[in-house]
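First comes the structure, then the notes that go with it.
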Amino acid sequence: MALARWLLGKHLVRRRDGVVTKHVITEVEAYDGERDLACHARAGRTARTEVMYAAGGVWYVYLCYGVHEMLNLVVGSRDWPAAVLIRGVAGVSGPGRLTKALAIDRRLNGAEAAPASGLWIEDDGSDVPARTVRATARIGVDYAGPVWAGKKWRFVIIDGAVAAVDERRSKSRRS
DNA sequence: TACTCGATCGGA
DNA sequence: CCGATCGAGTAA
């Protein structure tokens, strides 16, 4: 959780065709362990979730709904499946849109979050004040049941139009 | 081998 | 509100 929160305000850096772009991370979600019924690793090790058991620092990219690539950073120690879903960066709201905007797909699955892979994290030292961070329930995980779906493991920087728009989206979704 | 169901999005 | 679109996971 702390690590997910820590990622807010950090730069997601993409190099593609020699061009480097930096994007401030504005929205993340944490998935933590097999006990977390919203986590893909809830059923243990499988072909897809194996990468989540690696030591932190590699990407976990999968196809969602047969349409969207989802970008996660594997975190934690080896054999503890945990990842942080990068849901948004400044100017881009939504995990599916994010990967589309940065041309990220499953070819990056298992790759190191380092310059060599073309996708990595940079910390420019800037601080994200606690009062600009909101913790909410994770999106689209009702299947996990009230306890786990209710965990406030989604973190959003509320200082900005992007976050405001997203809040409206998530509210209209519940009913 | 069959069947189900998504860590979403955009359009009706 | 609903369809798109496909692969992982599960049951058989």
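Each chain gets a letter, A, B and so on, in the order the sequences are listed, and its residues count up from 1. Below, each value reflects all heavy atoms present in this structure, side chains not excepted, and no hydrogens, waters or symmetry copies.
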Measure the distance from [atom1] on [X] to [atom2] on [N] and round it to the nearest whole Å.
X         : N      : atom1 : atom2 : answer
Arg106(A) : dC6(C) : CZ    : P     : 9 Å
Met70(A)  : dC6(C) : CE    : C1'   : 14 Å
Asp142(A) : dT8(B) : CG    : C1'   : 14 Å
Trp59(A)  : dA7(B) : CH2   : P     : 20 Å
Glu34(A)  : dG9(C) : CD    : P     : 13 Å
Arg45(A)  : dG9(C) : CZ    : P     : 13 Å
Arg48(A)  : dG6(B) : CZ    : P     : 11 Å
Tyr143(A) : dT8(B) : OH    : C1'   : 13 Å

Give one of base, sugar-phosphate or nothing for [X], where a contact means two heavy atoms less than 4.0 Å apart.
X         : value
Val141(A) : sugar-phosphate
Ala144(A) : nothing
Arg138(A) : nothing
Ala43(A)  : sugar-phosphate

Side chain to side chain, [X] and [Y], heavy atoms closer than 4.5 Å:
X        : Y        : value
Val61(A) : Met70(A) : no
Arg45(A) : Asp79(A) : yes
Tyr53(A) : Glu34(A) : yes

Among the nucleotides [options], which one has an atom lying closest to any side-chain atom of [X]?
X        : options                : value
Met52(A) : dG7(C), dA7(B), dC9(B) : dA7(B)
Val67(A) : dT8(B), dA7(B), dT5(C) : dT5(C)
Leu63(A) : dA8(C), dC6(C), dT8(B) : dC6(C)
Tyr31(A) : dG7(C), dC9(B), dA7(B) : dA7(B)
Tyr60(A) : dC9(B), dA8(C), dA7(B) : dA7(B)
Thr49(A) : dG7(C), dA4(C), dG9(C) : dG9(C)

Please state whether the phosphate of [N], meaning OP1 or OP2, lies under 4.0 angstrom from any side-chain nitrogen or oxygen of [X].
X        : N      : answer
Arg87(A) : dT8(B) : yes
Arg97(A) : dT8(B) : no
Arg42(A) : dG9(C) : no
Thr46(A) : dA8(C) : no

Donor-acceptor pair (no angle test) under 3.5 Å: His40(A) side chain, dA7(B) base:
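When only heavy-atom distances are counted, His40(A) does reach the base of dA7(B) through a donor-acceptor pair under 3.5 Å.
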Look at the side chain of Ser93(A) and the backbone N and O of Gly88(A), then say whether any donor-acceptor pair between them is shorter than 3.5 Å.
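Such a contact is absent between Ser93(A) side chain and Gly88(A) backbone.
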Please check this pair: side chain of Arg42(A) against backbone of Cys39(A), looking for a donor-acceptor N/O pair closer than 3.5 Å.
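Yes, Arg42(A) side chain to Cys39(A) backbone: donor-acceptor pair under 3.5 Å.
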Please give the distance between the P atoms of dA7(B) and dT10(C) as a whole number of Å.
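It comes out at 13 Å once rounded to the nearest Å.
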Can you tell me, in whole Å, how much space there is between the P of dC5(B) and that of dA12(C)?
14 Å
In terms of heavy-atom contacts, Ala30(A) and Met1(A) come closest through CB-SD, 3.5 Å
In dot-bracket, 5' to 3', how would DNA chain B read with Watson-Crick or G-U wobble pairs under 3.5 Å, [ ] for crossing ones and | for pairs to another strand?
||||||.||||.
Is Glu29(A) salt-bridged to Arg138(A), cutoff N-O under 4.0 Å?
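No, Glu29(A) and Arg138(A) are not salt-bridged.
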State whether a side-chain donor-acceptor pair under 3.5 Å links Arg154(A) with Thr136(A).
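Short answer, yes.
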Tell me whether Tyr65(A) and dA4(C) count as stacked here, given that the ring centres must be under 5.5 Å apart and the planes must differ by less than 30 degrees.
no
Test applied, side-chain contact (heavy atoms from CB on, under 4.5 Å); reference residue, Glu69(A); option that passes from Asp105(A), Leu102(A), Ile104(A)
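The side-chain contact (heavy atoms from CB on, under 4.5 Å) with Glu69(A) is passed solely by Asp105(A) among Asp105(A), Leu102(A), Ile104(A).
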